[in-house]
Undergrad: 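Structure provided below as structure tokens; questions to follow.
One-based numbering, in listed order, for ligands and for the atoms of each. Residue numbers run from 1 in the order of the sequence given. Since this is a predicted model, take the numbers as computed values, not measurements.
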Amino acid sequence: MKSFDIPIIYRSPLITAIKKKRKEMDKMKKDFSPTLLDFGPLHIYLARHFGFCYGVENAIEIAFKTVDKNPGKRIFLLSEMIHNPQVNADLQSHGIQFLQDTYGKQLIPFEEITKDDIVITPAFGTTLAIEEKLANIGIAVEKYNTTCPFVEKVWTRSEQIAKKDYTIIIHGKPKHEETRATFSHAAANAPSVVVKDMGEAKQLAKYIAGEKDASAFYDEFKGQHSEGFNVQNDLQRIGVVNQTTMLASDTQGIADFLKQVMIEKYNLNAANIAERFADTRDTLCYATNDNQSAVTGMLEVKADLAIVVGGYNSSNTSHLVELCEEKLPTYFINNEEKILSAKEILHYNFHTKEEILSTNYLPAKDPVKILITSGASCPDALVEGVINKLVSFFTGSLSSNQLISAFN
Ligand code: SF4
């Protein structure tokens, strides 16, 4: 896969060495076991895959190059580049301004943009309406477009099934930038509905089966269906695509469930299911699949706790947390400063959306075993910072620098 030129401050010498070594030993990416970092009294198990993905590195490279090559120009990003506070703050410190917040709230009116400005589209992509608005101002939208090719792949898949007259069901978070963009592209080609989870898929199934009055649909799926959606006509042939960062098991579960609903409603079988249900398979991206599989591999280790590093509004990171939480105490932090001491840690509860303080998170034993991973928008340097902070609490530990030679 292509390598990118991103600021060195995001890299970690230790993690770069580990990733390089693991890649050399497992070119086909078949081994999802974690890497043991044996510091002595502290054992850290690092997931096989984590950190910056293709789309994030591509977007960061383009954004920083744009700044370098355009001194004196006003540069805007449609919204957060990626869901990582450090990267976004770095971009802002280089003079980049955000036009909207993560949820689409306008921070700077489009009226203030002129044709001489640069507007960068983030990795999540954007809606057709925003593209049109910018094009009308005279902005060269395509020139600074960092939309990830794996997101565009979902749009292409939607277009393909739309051409065959299927309605598009999008499994994604309705307010997430990527899902809003995908919904906009899908709705331009076919009737479309967003379902955020199995609960909503089950409600949608009631309309498919005719168990619920169609008039209730418009309130229930308000803001999540395309204009002019006709419940009677538009749920007779469907295909499911998804936000690229959803939990693989949820995505599969929802697609299987809706397929079964169609089978029962229309009395179908394997030979004629395609008449009513498009075979889209999942549209998760490679990074989501790799990172989630690596967490599953890491969870085979009997450890004391897990730490997941990433932005609190990062969808892919929250799913890694979800997987870990099922097995052991898990702390979701966005940098090493959240580890206040050997006794206290501030961490994010993404279910209640609040940061909480936990005490005595490190057990009194030798060795303490900690699993660590991070989201696709998290710089490796942050993970190394977390490792070094933890190591500092254990007297007699080796240092990261001492360990690095084992991977060179
Ligand atoms: S998580 Fe996947 S879809 Fe999103 S930017 Fe990364 S590679 Fe692209």
Side-chain angles (χ1 to χ4, degrees), residues 1-6 10 19 23 29 47-64 77-88 91 102 120-127 144-159 170-173 175-186 194 240-252 280-295 308-323 334 350 373-380 382-383:
M1 207 177 264
K2 188 179 165 193
S3 57
F4 295 94
D5 181 17
I6 61 165
Y10 298 144
K19 284 185 172 175
K23 202 169 163 188
K29 296 205 295 191
R48 167 72 174 94
H49 299 285
F50 61 93
F52 279 175
C53 59
Y54 179 99
V56 164
E57 293 211 350
N58 178 46
I60 291 175
E61 182 185 89
I62 294 174
F64 280 100
L77 251 163
L78 279 177
S79 64
E80 288 189 354
M81 182 82 205
I82 54 173
H83 287 153
N84 184 273
Q86 187 200 344
V87 176
N88 289 321
L91 290 165
T102 281
I120 304 174
T121 304
F124 314 110
T126 192
T127 63
Y144 301 101
N145 182 1
T146 79
T147 306
C148 178
F150 294 97
V151 173
E152 284 174 339
K153 205 170 127 191
V154 183
W155 300 351
T156 308
R157 192 78 63 89
S158 308
E159 214 175 295
I170 302 159
H171 171 217
K173 297 175 181 168
K175 291 193 174 140
H176 191 282
E177 292 101 317
E178 183 193 315
T179 295
R180 284 190 275 125
T182 296
F183 175 69
S184 146
H185 285 257
V194 179
V240 184
V241 297
N242 46 265
Q243 187 181 319
T244 55
T245 51
M246 301 307 274
L247 194 60
S249 52
D250 282 357
T251 290
Q252 194 56 52
T280 51
R281 295 206 177 80
D282 72 53
T283 48
L284 297 175
C285 77
Y286 85 94
T288 299
N289 278 317
D290 284 356
N291 292 354
Q292 290 179 10
S293 300
V295 164
V308 181
V309 194
Y312 293 163
N313 57 349
S314 161
S315 166
N316 78 85
T317 313
S318 67
H319 295 311
L320 304 180
V321 174
E322 227 174 317
L323 290 170
N334 56 17
F350 78 92
T373 189
S374 74
S377 48
C378 179
D380 284 347
L382 285 186
V383 176

Undergrad: Considering only non-hydrogen protein atoms, determine which one is nearest to atom 2 (Fe) of ligand 1 and report residue, atom name and distance to 0.1 Å.
TA: Cys285 SG, 2.3 Å

Undergrad: Just how far is it from atom NE2 of His185 to atom OG1 of Thr127, taken to the nearest 0.5 Å?
TA: 7.0 Å

Undergrad: Can you tell me how far the CZ atom of Arg157 sits from the CD atom of Glu152, to the nearest 0.5 Å?
TA: 14.0 Å

Undergrad: Are any N, O or S atoms from Cys148 nearer to atom 2 (Fe) of ligand 1 than 2.8 Å?
TA: no

Undergrad: Taking side chain as C-beta onward, heavy atoms only, is Asn316 less than 4.5 Å from His83?
TA: no

Undergrad: Does any non-hydrogen side-chain atom of Thr283 lie less than 4.5 Å from one of Phe150?
TA: no

Undergrad: Check each of Val154, Asp290, Thr244 against atom 3 (S) of ligand 1 and report the one with the nearest heavy atom.
TA: Thr244

Undergrad: Considering only non-hydrogen protein atoms, determine which one is nearest to atom 7 (S) of ligand 1 and report residue, atom name and distance to 0.1 Å.
TA: Cys53 SG, 3.6 Å

